[in-house]
Each structure stands twice: as structure tokens, then as C-alpha cells.
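Nothing here was measured: the structure is a model prediction, and the numbers come from that model.
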Amino acid sequence: MTTAAPAPATDTAPATDTVTGPQSTTAGRLLALGRAEATLLLRNRAALFTAVVLPVVLISTLHGLLKKQSEDNPGLEVHSLLVYGSVGMVLAFVVYYNLTAAYVGRRGELVLKRLRTGEARDLEILLGTAVPSLALGLFMAALIGIGGSVGLHLAVPVNPVLMLVGLLMLLATMIALAALSSAFTRTVESAGITTLPVMLVMQFGSGLYFPLEVMPSQLADVCRLLPTTPAFQLIRVGWFGTDGSAAATDFLGSWGAAAPHLVTGAVWLGLAVWGAVRYFRWEPRR
């Protein structure tokens, strides 16, 4: 009698098809977060007024102040300082103030906490929230800078590379300061109070309302060491070839004039980032 030989055992399991969804990318996550934040910004009339209308109103005030200062300081370049100061004020309101309120609002709504449970990293969440403010701020600054330069017949930038470096340093510092300020801001309504010290430093200490060259020398030296002043001064040196403390120079000479501002600005940027990482809150206090 014969029996059939048993089939050989195999260790291989039946093949199964694994279906995986599309992998998200950093750029995709940033765009998605930025698109959602832009929708919320467009629905918030108070935020839009602060970001768009208020800076434009303050520009007219700046023009009157600069004309008054030119009477007491002959040779002051009113037109160049007007465009430079207007760009600085737009970025201060649109990026720093508006972004501080956005961080506080999303934290209070537990949006930031929920986003941390997804694929987005912490840095992507912060930058994604900042995308609409950055885009709006840069758009308005470009309109003022290009339109003002053409209308007032200003000279072309001496060192566009240095201008870009200063702009990137300024935006990075503002984002870090906004994240840091939000840690000490309980509600969106109180953002106008908690951001006031930094706003005053930007407007009056960084040479936007009162150029550093019209200040007493000791006060000007102190103002050059303030957090946002170095980045603003880099933009001014790259644009006009001088920060007001010396005669205008050319492309190569502008790097030498900008060296102290580069060092000071890098130190403040590092401190602002450290403070934001150390104190930023992802959910409301209990």
C-alpha cells in the first residue's frame, strides 16, 4: 500500500499587496498650512486692517516727521529714508504683530496642538502659519520699495545681495520674536499690549521714524545694538551704500560697512531663536 508524500512545507506566506498613500513633502505641508492660514486671515477684518491699512496710515505720519527733521538737519535724504522706513513699518506690522496674534489665536483654538499629532514637524507648523504674513508683507514692501523708488527717482541698490541678506535676517528675527512674544500673550486682544515694546524698538530704535544719524551719538550707538536694528541697517547699506554714519560707498565697500551689523544681527537672531524654542507654548495654560 502506498501513501502520497506530504507536500514540502514552505515558510513563505501568501503575497499581499501593500497599498501606501502618497507621501507628503515639506513644501506640500508648508503650502497646505499656509493656504489654511491665509483663509483665516482673509476672514479676520481686524487682522487685515492692522496688516494693510494701519501701516499705510502711518506712512503719511512718517513723511511729516522726516520733513520736519530735514529742516533741522540739512542734507538728510528724505525720499530714501521715507521709502526705507515705510518698508520697515510694513514688515513690522504685517509680519511681527500679525504673526504674534496668529500664533496666540491658533494656540487658543488648539490648532497647534492638533497639528503636532500629524506629519508636520514643529518648525513646519511655525513656518506654515507664517506663510501668509510673509507673503503679504513682502508683497506690500515690494510695492512700496519699487513704486517709491521709481516715483521718487531713487538710485538703484548698491548691493542687492546684501539687501537680500538683511531682509532674510530681518524676517527670521521677526518670526522668532513673534513666537517668543506669543508665549507671554494670553489672548489675541492682548497682543497689542505685549508686542508694543518690540514695536516701539523697531519704529524708534531701528531708524525708521528717526534716522540714527539725527540722534545723539551715544544714543545712536545704543540703538545700533538693538535686536532688529542690524538687519534694518543691512538693508539700508545694501540699498544706499551707507547706514548714515559715513559717506556712501560702492559694492565692495558696502560689505565692510555692513560687517558690524552682520555680526550683531547674527547674535540677536540666535538669541531670538533660542528664546522661541525655550518658551514657545503649543497649548493654553491650564
Side-chain angles (χ1 to χ4, degrees), residues 29-55 57-58 88-141 170-203 206 226-228 231 268-269 271-286:
R29 292 190 290 269
L30 287 176
L31 288 176
L33 291 171
R35 185 164 53 249
E37 186 63 34
T39 301
L40 295 174
L41 176 61
L42 292 175
R43 293 175 180 174
N44 191 330
R45 295 181 180 179
L48 281 177
F49 176 85
T50 303
V52 179
V53 180
L54 187 57
V57 173
L58 292 177
M89 281 196 300
V90 164
L91 294 177
F93 276 96
V94 178
V95 179
Y96 169 67
Y97 174 81
N98 196 57
L99 187 54
T100 301
Y103 285 146
V104 175
R106 305 305 165 260
R107 182 185 66 202
E109 298 161 355
L110 300 182
V111 173
L112 299 179
K113 183 179 180 180
R114 290 196 295 268
L115 286 174
R116 296 189 83 192
T117 63
E119 295 181 354
R121 302 180 181 89
D122 289 353
L123 182 59
E124 292 172 352
I125 296 172
L126 295 179
L127 292 180
T129 306
V131 166
S133 296
L134 291 174
L136 180 59
L138 290 174
F139 175 73
M140 292 180 63
L170 178 63
L171 295 177
T173 303
M174 285 186 175
I175 293 174
L177 288 175
L180 179 59
S181 297
S182 70
F184 305 97
T185 308
R186 288 186 175 273
T187 64
V188 174
E189 292 75 16
S190 63
I193 298 174
T194 57
T195 59
L196 186 59
V198 177
M199 291 295 293
L200 291 177
V201 167
M202 287 188 192
Q203 295 174 18
S206 296
L226 295 175
T228 57
W268 275 116
L269 176 57
L271 290 174
V273 170
W274 175 84
V277 173
R278 173 67 176 80
Y279 294 104
F280 186 77
R281 302 186 63 86
W282 294 93
E283 55 185 291
R285 290 187 176 91
R286 300 298 181 183

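For the residue pair Ser190 and Thr187, a side-chain donor N or O sits within less than 3.5 Å of a side-chain acceptor on the partner.
Atom CZ of Arg186 and atom CZ of Arg281 lie 8.5 Å apart (nearest 0.5 Å). Put simply, CG on Leu171 and CG on Leu138 are 5.5 Å apart, with the number rounded to the nearest 0.5 Å. Here CE of Met89 is found 13.0 Å from CE of Met202. Values are rounded to the nearest 0.5 Å. For the atom pair OG1 of Thr228 and CG of Leu269, the computed distance is 12.0 Å after rounding to the nearest 0.5 Å. Of the inter-residue distances, the one linking Ile175 atom CD1 with Leu180 atom CG reads 13.5 Å to the nearest 0.5 angstrom. Rounding to the nearest 0.5 Å gives a distance of 10.0 Å between CZ of Phe184 and OG1 of Thr194.
Val198 has its side chain out of reach of Pro227: every pair of non-hydrogen atoms, C-beta onward, lies at least 4.5 Å apart. Side-chain atoms of Leu271 and Trp268, non-hydrogen and from C-beta on, do get closer than 4.5 Å to each other. Considering only heavy atoms from C-beta on, Ile125 comes within 4.5 Å of Leu112 through its side chain.
For the ring-ring contact (aromatic ring centres under 6.0 Å, His included) condition, the pairs that include at least one residue of residues 103-131, sequence neighbours left out, are Tyr103-Phe280.
Between Val90 and Gly137 the shortest heavy-atom distance is CG1-O, 4.0 Å. In plain terms, the two heavy atoms of Leu110 and Pro284 that are nearest each other are CD2-CD, 3.5 Å. Considering all non-hydrogen atoms of both residues, Val94 and Met140 come closest at CG2-SD, 4.0 Å.
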Please evaluate residues Tyr97 and Ser181 with respect to the criterion side-chain contact (heavy atoms from CB on, under 4.5 Å), reporting the C-alpha separation (whole Å), side-chain torsions for both, the decisive distance (0.1 Å), and the verdict.
CA-CA 9 Å; Tyr97 174 81; Ser181 297; over 6 Å; no

Mind running side-chain contact (heavy atoms from CB on, under 4.5 Å) on Leu33 and Leu115 for me, showing each step along the way?
CA-CA 10 Å; Leu33 291 171; Leu115 286 174; 3.7 Å; yes

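In this structure, Trp274 has no ring pair (Phe, Tyr, Trp, His ring centres under 6.0 Å) partners at least two apart in sequence or on a different chain.
Taking the centre and axis of the six-membered ring of Trp282, the NZ or CZ atom of Arg116 falls inside the cone set by 45° and 6.0 Å.
Counting only distance, with no hydrogens or angles, the side chain of Arg107 and the backbone of Ser182 share a donor-acceptor pair below 3.5 Å. Gln203 contributes no side-chain N or O that, together with a main-chain N or O of Leu200, makes up a donor-acceptor pair within less than 3.5 Å.
If you run side chain to side chain contact (heavy atoms under 4.5 Å, CB included) between Met174 and each of Leu134, Leu91, Leu99, only Leu91 comes through.
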